[in-house]
Amino acid sequence: SGVSSFEPFAGTEARLDRVAGMKQILLVRHGQASFGADVYDALSEIGHEQSRVLGRALAAVGLRPDVVVRGGQRRHEETVEGIIEGLGLTADDHPTIAVDPGWNEFDFEQVIEIHEPRFREREVMTAELEATGRPRQAFQELFEVATHRWSRAGDGVDYAESFPAFTARVVTALETAVALQPDRGTALVVSSGGPIGVVASHLIAGDASIWAALNRVVVNTSVTKVVRGSRGQSLVSFNSHTHLEGSPELLRRAGRTRN
């Protein structure tokens, strides 16, 4: 499918057990958003079902998060709602849900507009993408070129949020999520591909140098696991999405388009 994953999320129960003496954070990318619709930030029907399927997968191995943290965007909120539903929890018994805008995605629309100013007119961009006969793939190519330029621009270009500022707020959000966890507890964080890529890059490489390669492959409702022990935080799995593999349609639609 062209997406990367290691340390399968589903399978043996042991893979999801809390690591002795450690806290764990499950970073979840939101379900599929509404590409091409008037309100992109809302989940599509596929996105809602992906979220419920993840919740059911968590319930199947007896994993109930002690705290849930989500970004402040609608797609994050709706993904949490689907996960909670899939877990079989009610308003009375679901874990605390904290909202932290530090987990929000960067403003990819502005990033694209600075790269290609004529695309400030949405109709122009839509028409050009449709003319390719492969609008989703054409958008992804445009997105990758524009974000590459943004990530290399530093603080000197007139972006609403520079790439260094973006990475700094995500690192702060991770620290906040760690602080919210009880001892040996599980925090489930619902965010977007960009922030998840920042966390993974920092834990693998010590900086954001491999962010672009990670960002482009994070799929909808994939799970990235971070544990914290005596030596600090460690990435033990990235982009795991085997909970979708029982449904080819959900997996096929989980590819990396927008954020």
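As the structure is a prediction and not an experimental result, all values here were calculated from the model.
- Salt bridge status for Glu113 with Arg122: present, with a side-chain N to carboxylate O gap under 4.0 Å.
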| request: Could you go through the salt bridge (Lys or Arg N to Asp or Glu O under 4.0 Å) check for Glu141 and Arg134 one step at a time? | output: CA-CA 11 Å; Glu141 292 164 5; Arg134 42 191 284 280; 2.4 Å; yes
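- Among Leu54, Leu58, Leu27, the one residue that satisfies the side-chain contact (heavy atoms from CB on, under 4.5 Å) test with Val223 is Leu54.
- By the 4.5 Å heavy-atom criterion applied to side chains, Glu128 and Arg118 are counted as neighbours.
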| task | Might you work through the salt bridge (Lys or Arg N to Asp or Glu O under 4.0 Å) test for Glu49 and Arg56, ending with a clear yes or no? | result | CA-CA 10 Å; Glu49 182 59 17; Arg56 291 195 289 269; 2.9 Å; yes
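- For the side-chain contact (heavy atoms from CB on, under 4.5 Å) with Thr221, the lone residue among Arg29, His241, His243 that qualifies is His243.
- Salt bridge Arg70/Glu81: absent, no basic N to carboxylate O contact under 4.0 Å.
- Both Trp211 and Trp103 belong to a single network of hydrophobic side chains, linked directly or stepwise wherever heavy atoms of I, L, V, M, F, W or Y lie under 4.5 Å apart.
- Just one residue in the list Ile204, Leu174, Leu235 forms a side-chain contact (heavy atoms from CB on, under 4.5 Å) with Val199, and that residue is Leu174.
- Counted within 6.0 Å of CD on Glu116, heavy atoms from surrounding residues, nucleotides or ligands total more than 12; the atom is thus considered enclosed.
- Each of Val80, Thr79, Asp41 was checked for a side-chain contact (heavy atoms from CB on, under 4.5 Å) with His30, and the lone residue meeting it is Thr79.
- Proximity of Ile196 to Ser222: side-chain heavy atoms (C-beta onward) are nowhere separated by under 4.5 Å.
- Remark: Thr96 pairs with no residue by the side-chain hydrogen bond (donor to acceptor under 3.5 Å, both in side chains) rule, at least two apart or across chains.
- Of the charged side-chain nitrogens involved, none lies within less than 4.0 Å of a carboxylate oxygen, so that Arg75 and Glu105 do not count as a salt-bridged pair.
- The aromatic rings of Phe163 and Phe166 are tilted relative to each other, their planes meeting at an angle between 30° and 60°.
- Hydrophobic clustering (side-chain heavy atoms under 4.5 Å, transitive across Ile, Leu, Val, Met, Phe, Trp, Tyr) groups Val198 together with Val226.
- Heavy-atom neighbours of Gln137 CD from other residues, nucleotides or ligands within 6.0 Å: above the threshold of 12.
- Ring pair Phe106/Phe143 is parallel by interplanar angle, where below 30° counts as parallel and above 60° as perpendicular.
- Salt bridge status for Arg74 with Glu77: absent, with no side-chain N to carboxylate O gap under 4.0 Å.
- Ser44 contributes a side-chain N or O that, together with a main-chain N or O of Gly47, makes up a donor-acceptor pair within less than 3.5 Å.
- Using a 4.5 Å heavy-atom cutoff, the side chains of Arg216 and Thr147 are not in contact.
- Considering only heavy atoms from C-beta on, Asp93 comes within 4.5 Å of Arg64 through its side chain.
- Annotation: side chain of Leu188 is not in contact with side chain of Val69 (no heavy-atom distance under 4.5 Å).
- Ile97 and Leu63 fall within a single hydrophobic cluster, where Ile, Leu, Val, Met, Phe, Trp and Tyr are joined by side-chain heavy atoms under 4.5 Å apart, directly or via other members.
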